[in-house]
Structures are given as C-alpha cells and as structure tokens.
Q: 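Before anything else, here's the structure in question.
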There are 2 protein chains.
Amino acid sequence: MPFKTPRKPAARPAPRKGRRKAVPEPYHHGNLREALLAAGIQLLKEQGAEALGLRELARQAGVSRTAPYRHFESRDALLAGIAEQGFVKLREVLLEARHQHESDHERWFLEAARAYIGFAFGYAEHFKLMFGGYMKYEPGQHTSLHDAGNGAFQTLVDLIVASQESGLVMKGDPMAVSIAAWSTLHGFCSLAVHKRLDFLVENPELLSKTADLVARTCLEGVRARK
Amino acid sequence: MPFKTPRKPAARPAPRKGRRKAVPEPYHHGNLREALLAAGIQLLKEQGAEALGLRELARQAGVSRTAPYRHFESRDALLAGIAEQGFVKLREVLLEARHQHESDHERWFLEAARAYIGFAFGYAEHFKLMFGGYMKYEPGQHTSLHDAGNGAFQTLVDLIVASQESGLVMKGDPMAVSIAAWSTLHGFCSLAVHKRLDFLVENPELLSKTADLVARTCLEGVRARK
DNA sequence: CCGTCATGTAGACGACGTCAACTTATCGCG
DNA sequence: CGCGATAAGTTGACGTCGTCTACATGACGG
C-alpha cells in the first residue's frame with residue numbers, strides 16, 4: 001500500500017497488549033461486526049439511510065472495503081442488521097410503557113402509543129430504515145430482522161388482547177384489531193418522518209396537539225362500542 | 001396523461017418517414033419529457049423504484065444517457081415528476097368517491113377510505129415512491145410535486161370539513177382531524193405495500209376483512225362523540 | 001438564409017456493490 | 001510445540017450509476 005491515509009486512528013483496538021486475555025478479542029479487528037453496526041447506527045442518525053454504503057461503513061470502521069463481507073453477505077444484510085437493532089429498541093420502549101402502566105389498560109394503551117410516536121420522532125432515520133423500502137423484506141431472508149420486527153409487534157398484540165379481555169377494546173380477531181390500531185400510529189409517524197407533515201412540524205404546539213389526538217384516535221378507533 | 005400506458009413503441013418515432021408533416025413532431029425526439037415519464041411509470045410498476053435509473057429510462061426512451069437532463073435537472077426531479085402523476089391519480093379516485101356519494105357523508109367517508117386503500121394496493125410501487133424516502137421532499141424543491149400532493153390531501157380535508165359540519169365527525173382543527181383520519185388509512189397502506197403484513201396478504205379473505213375494519217376504524221376514530 | 005437556442009450526444013470522473021484471488025492471523029489437533 | 005486448516009482482512013478488477021463538460025444537430029424567427 002503506497003500510502004496509508006491516516007483516516008481513522010481510532011479504529012482497531014490495539015491487538016491485545018497485556019498478555020492475560022481478560023476478554024477473547026478474537027480476531028484481527030476484534031469485533032468488526034459490532035463495529036460496523038455501531039458505525040452504521042451513528043451514520044444513519046447523522047446522514048440518513050442513503051449514506052449507509054458498504055465502503056463508507058468499512059472506512060468508518062478502519063478496514064478495507066470488502067472486509068464487511070466476512071460478516072454480512074451483502075449491503076442489504078448489513079442494513080437489515082441495523083434495522084434489527086431498531087426493532088429491539090422499539091420493543092424496549094413499548095415494554096417500558098407496559099411495565100409502568102400494566103394495571104390500567106387505557107393508560108397502558110395511550111402510553112404505548114406515545115412511546116411509539118416518541119420512538120419515530122427520536123429515531124426518525126432508523127424508523128424510515130425499518131419500515132421503508134431500503135432493503136428486501138421477503139420472508140425467508142433476514143430472519144432475525146423478521147424476528148425482531150415480530151417481537152416488537154407482539155407487544156402491541158399483547159396490549160390489544162389484554163384490552164379486549166378487560167372490555168376496553170372491541171372483540172374480534174386480535175391480529176386484525178392490532179393492525180387497525182397500529183395503522184393509526186404508524187401512518188402518523190410515517191407521514192411525519194417522511195416530511196409530509198411539514199406544515200405541522202413548523203408549529204410545535206399544533207404538532208404535539210395532533211400527536212395527542214392521534215393517540216386518542218388510535219384508541220377510539222378500536223374502543224369497544226357501547 | 002402519462003398514467004395510462006398504451007404500450008409505447010419503445011423507441012424513437014422514426015424521424016419523418018413520409019415527406020409531408022401530418023403531426024408536428026416538434027424536436028429531435030418529439031416529446032421526450034412525456035416519454036420518460038411514461039417509461040418511468042411502466043418500469044415502476046414492473047420493477048419498483050430502485051429500477052428507475054436515469055440511464056435506464058433514457059434507454060427505454062431510445063435516447064442517449066444524458067438526454068434526460070434537458071428535461072429534468074436530476075434523477076430526483078425525474079422521480080418527483082413520476083410521483084406527481086401518482087398524486088394526480090390519487091386525487092382522481094378520491095374525487096370519484098366524492099361525486100358518487102357526496103350526499104351521504106358516512107358513505108362518502110367510507111368509500112374514500114376504500115378508494116385510498118384500493119389505490120395503494122393497485123399502484124403499490126407508485127405509492128411507495130410517493131410516500132417513501134426515494135427522493136428529497138423539502139419545501140421549495142419540486143413545487144409541482146408538493147402542489148399535487150396538497151391537492152390530493154385537500155380532498156380529504158374537504159371531506160372532513162363537510163363531515164364536521166354535518167355532525168358526523170368530531171369538531172376541532174380540520175387539519176389535525178384530517179391528519180388523524182388520514183394516518184389510519186395511510187399506516188395500513190404503508191405497512192401493506194412494504195410487506196409488513198405478509199401474514200395477512202397470504203390470506204385474501206382476512207385481508208379484505210382487515211381492510212374493511214381499517215376503513216371503519218378510520219371513521220370511528222374521529223366520529224363525533226355522543 | 002443564417003444565427004441562435006433548445007435539444008440530443010459523447011467522454012470522463014468518482015462513487016458504488018460485488019466477485020475472485022491473495023495474505024495473514026488465530027485456533028485445534030497430533 | 002508445531003503445523004495445517006480456516007476465519008478474517010486485503011487488493012484488484014468489473015460493470016453500474018449520477019452528473020459534469022464540451023460538442024453536435026436540428027428547428028424556428030428575423
């Protein structure tokens with residue numbers, strides 16, 4: 001290599017100085033897979049999904065451009081790995097709403113809705129990656145991404161089932177009702193992160209009023225009819 | 001009206017065979033801008049937005065790779081032009097629901113919802129292009145795309161305002177209420193076209209039941225409280 | 001008839017994803 | 001302890017893409 005551009009001194013974690021191996025630090029880089037995911041998550045937040053190139057991520061991790069192929073079979077697979085982290089996080093915030101308000105189903109419902117909206121606005125680019133058309137989302141491919149997505153969805157289904165049993169939410173196929181409720185939340189978030197509600201975002205007060213209205217609409221839409 | 005694709009001859013319209021000029025055939029190609037949009041719409045339907053490359057569209061229109069720059073300042077602008085056609089079409093189907101059921105607001109509401117869902121499923125790739133992150137959607141850029149989008153949205157606002165006046169839909173800022181209602185529809189469609197509801201689509205009967213539930217949920221969510 | 005401008009063309013550049021072939025470091029086994 | 005197998009990383013190449021610049025062409029107005 002003619003010149004090695006100093007690029008990223010903060011890349012490789014110095015191959016085991018001390019002789020005792022507290023942590024394995026297995027191979028050349030140490031843990032390139034995790035480093036790529038971390039760099040990807042950072043870059044996603046800063047510059048959006050378009051900026052997530054294999055070569056760019058490799059650069060950020062301080063390795064050569066094809067090194068990622070040892071850990072991800074394609075760019076799609078790398079994006080899927082990043083998106084997967086998003087679903088894990090989304091599930092966490094939904095579970096938190098549950099643990100804080102599980103006894104009051106209406107409160108649980110509304111807080112879960114707010115948590116979903118909060119996630120979408122707080123991790124807008126991640127949200128777009130998770131639900132947009134940035135990578136293939138076919139069954140059979142990226143199974144752990146599907147698992148993570150289903151895991152997040154399951155927290156909504158749990159909420160709906162519990163709310164049906166307590167009489168808050170209408171009876172009917174829990175899947176269908178969950179989707180109907182989810183759709184309201186998701187539609188609002190999807191429109192917002194894709195800048196289709198700019199006339200709202202310019203007005204933070206109206207935005208938060210609308211977000212609250214959406215959360216209530218979400219509940220009223222599936223509330224048990226008297 | 002580039003939306004209908006009556007099977008283009010796929011190449012240049014033969015530079016003046018006969019000597020008499022029946023149709024003007026104005027410039028070199030004739031009407032490259034419309035040809036590019038038409039080819040784009042066709043390709044979008046067949047292969048999705050990823051396939052919409054400037055060079056590929058030029059190929060389909062039978063011109064050299066940089067010719068499109070005479071009519072669109074960038075790939076983004078070309079995508080915006082194609083998306084714009086989608087908003088025009090969407091507005092049309094929403095207006096049709098209006099004209100057929102304008103006297104019965106509940107019917108109008110439900111048919112508009114079905115029309116929206118029908119558009120999303122019938123023109124899934126177009127829908128993704130219109131609402132996904134495939135191009136910049138900043139205010140000030142692609143103004144005619146914004147106009148078309150706002151035109152389609154306005155049909156929903158009109159519906160909400162009329163329904164508020166007749167007491168079908170809750171009072172409140174018409175924008176906020178429109179967005180809440182729109183969100184339900186849009187979320188369902190967005191999830192579906194992005195293949196997040198595959199367990200539904202495998203089951204056409206459940207799918208249509210859920211679509212109906214979503215349309216009703218959309219109304220119940222904003223119905224005037226008794 | 002001629003100049004001008006809109007329209008279309010050709011070449012080049014740097015980015016990208018991916019493949020094949022190569023090198024290097026680590027670990028398991030005798 | 002040493003050695004081969006193999007996981008991890010590198011280099012070079014190929015074809016694609018969007019876009020820039022310079023150039024060619026054809027239609028229309030004076």
Q: Whole angstrom is fine here: how far is it from CG in B:Leu78 over to C1' in D:dT19?
A: 14 Å
Q: Using the side chain to side chain donor-acceptor pair (under 3.5 Å) criterion, which residues pair with A:Ser183? Sequence neighbours excluded.
A: none
Q: Take atom NE2 of B:His71 and atom P of C:dA6, then tell me their distance rounded to the nearest Å.
A: 12 Å
Q: Provide the full list of ring-ring contact (aromatic ring centres under 6.0 Å, His included) pairs with a residue in residues 128-151 of chain B, sequence neighbours left out, each pair given once.
A: B:Phe87-B:Phe131, B:Phe127-B:Phe131, B:Phe131-B:His186, B:Tyr137-B:His146
Q: I need the CG-P distance between B:Leu43 and D:dC17, as an integer number of Å.
A: 11 Å
Q: Kindly write out the residues that satisfy salt bridge (Lys or Arg N to Asp or Glu O under 4.0 Å) with B:Asp173, not counting sequence neighbours, or none if the list is empty.
A: none
Q: Mind checking what makes ring pair (Phe, Tyr, Trp, His ring centres under 6.0 Å) contact with A:Tyr69, not counting sequence neighbours?
A: none
Q: With no hydrogens and no angle check, do the side chains of B:Gln154 and B:Asn150 hold a donor and an acceptor under 3.5 Å apart?
A: no
Q: Find the distance A:Arg33:CZ to D:dG9:P and express it as a whole number of Å.
A: 13 Å
Q: Output all residues satisfying side chain to side chain donor-acceptor pair (under 3.5 Å) with B:Glu50, sequence neighbours left out; order by chain, then residue number.
A: none
Q: Each nucleotide N or O in nucleotides 16-20 of chain C that has a protein N or O under 3.5 Å away: list the pair and distance.
A:
| from | atom 1 | to | atom 2 | distance (Å) |
| --- | --- | --- | --- | --- |
| C:dC16 | OP2 | A:Arg59 | NH2 | 2.7 |
| C:dG17 | OP1 | A:Leu54 | N | 2.9 |
| C:dG17 | OP1 | A:Arg75 | NE | 3.2 |
| C:dG17 | OP2 | A:Leu54 | N | 3.0 |
| C:dG17 | OP2 | A:Arg55 | N | 3.2 |
| C:dG17 | N7 | A:Arg55 | NH1 | 2.2 |
| C:dG17 | O6 | A:Arg55 | NH1 | 2.9 |
| C:dT18 | OP2 | A:Tyr69 | OH | 2.9 |
| C:dT18 | OP2 | A:Arg75 | N | 2.9 |
| C:dT18 | O5' | A:Tyr69 | OH | 3.0 |
| C:dT18 | O4 | A:Arg55 | NH1 | 3.4 |

